[in-house]
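Lettering of chains follows the sequences in order, A, B, ..., and the numbering in each one begins at 1. Computed over heavy atoms, backbone and side chain alike; hydrogens, waters and symmetry mates excluded.
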Amino acid sequence: MAEPSAPGRSFDEEALPHLDTLYRVALRLTSDPTQAEDLVQDTMLKAYRSWRQYRPGTNARGWLLTILRNTFINDYRRRKHEPIAMDLEAVEPHALYRSIQDTDPEGSFFSQIVDAKVLEAIDALPADFREVLALSDIEGMPYGEIAETLKIPVGTVKSRLFRARRQLQAVLYDHAVEMGYIKPRETAS
Amino acid sequence: MSRLDCTEALAHLQDYLKRELTPELVAEVRVHLEQCRDCTGYARFEESFLVMLETRAAKETCPEALRARILAALRAAEERGN
């Protein structure tokens, strides 16, 4: 085999800056630090071996994330109890806001929730939701780039994000009520 | 005057906050928010949610030991020529 080569930047220069992103996305996909580490390492080695297929100047982050995702689907996804989507369809989209708009209209209860609980709530989302949420709202990838990486239409990215955010908000709200960060809405008598 | 009613403005709100709208729609949503206190309140709520996600969930970084292990594995692969 010839030395992997690409004109211009080296593999290290293109790929290593994305290690933090790859690690965080791997954590969200596997929900397991040990598996996440193995997944990132496997991804980097696979990427190195297919480095000649990478077109310089294109989106290295998306390219690496596609490899990470395929590796995860093929070799890692053996979860027994994959979380399922909450049935939010029946609920009015802005119901949560309606219930806090008098007591905490700016949603400051979000800032009281500890990091670990936020991550736990994300990891309890269904896989499809977790994935788009991690890429968009944690890594800051534009919708178009997510669509390309996941090979789904932008409209699907948007609708998954919308439902993922709603489910996450509902879970965090329940937690905040439980912890006393926010008063529960008085039930109509 | 914005041509969007509350339902339409709220439907675009997350995409507005994520800067994923066309300039025309951005302007429409902005005009609506300037005129509608209810929707402005909701926009602040959504924004604090998105900011919370960005600032708290992106804190984790690749552990140094893993970084070192990956670099070593890459150098080994390089020497083997695959």
Non-hydrogen atoms of chain B under 4.5 Å away: do they reach the side chain of [X], the backbone, both or neither?
X         : value
Val154(A) : neither
Leu19(A)  : both
Ile113(A) : both
Ser136(A) : both
Tyr23(A)  : side chain
Leu172(A) : side chain
Gln41(A)  : both
Pro142(A) : both

So which bits of residues 68-75 of chain B come within less than 4.5 Å of chain A, counting non-hydrogen atoms only?
->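 At a heavy-atom separation under 4.5 Å, chain A is reached by Arg69(B), Ile70(B), Leu71(B), Ala73(B), Leu74(B), Arg75(B).
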Quick one: do Tyr42(B) and Gln101(A) satisfy side chain to side chain contact (heavy atoms under 4.5 Å, CB included)? Show the steps, please.
-> CA-CA 8 Å; Tyr42(B) 186 68; Gln101(A) 65 179 350; over 6 Å; no
Hey, are Arg24(A) and Glu60(B) close enough for a salt bridge, meaning a charged N less than 4.0 Å from a carboxylate O?
->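 Here Arg24(A) does not pair with Glu60(B) in a salt bridge, since their nearest N and O are not under 4.0 Å apart.
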Got a salt bridge between Lys59(B) and Asp20(A), using NZ or NE/NH1/NH2 to carboxylate O under 4.0 Å?
->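 Salt bridge absent between Lys59(B) and Asp20(A).
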Do you know which of Asp15(B), Asp38(B), Leu50(B) has the most heavy-atom pairs under 4.5 Å to chain A?
->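 That would be Asp15(B).
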Glu106(A) side chain to Gly41(B) main-chain N or O, any donor-acceptor pair under 3.5 Å?
->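 Answer holds: no.
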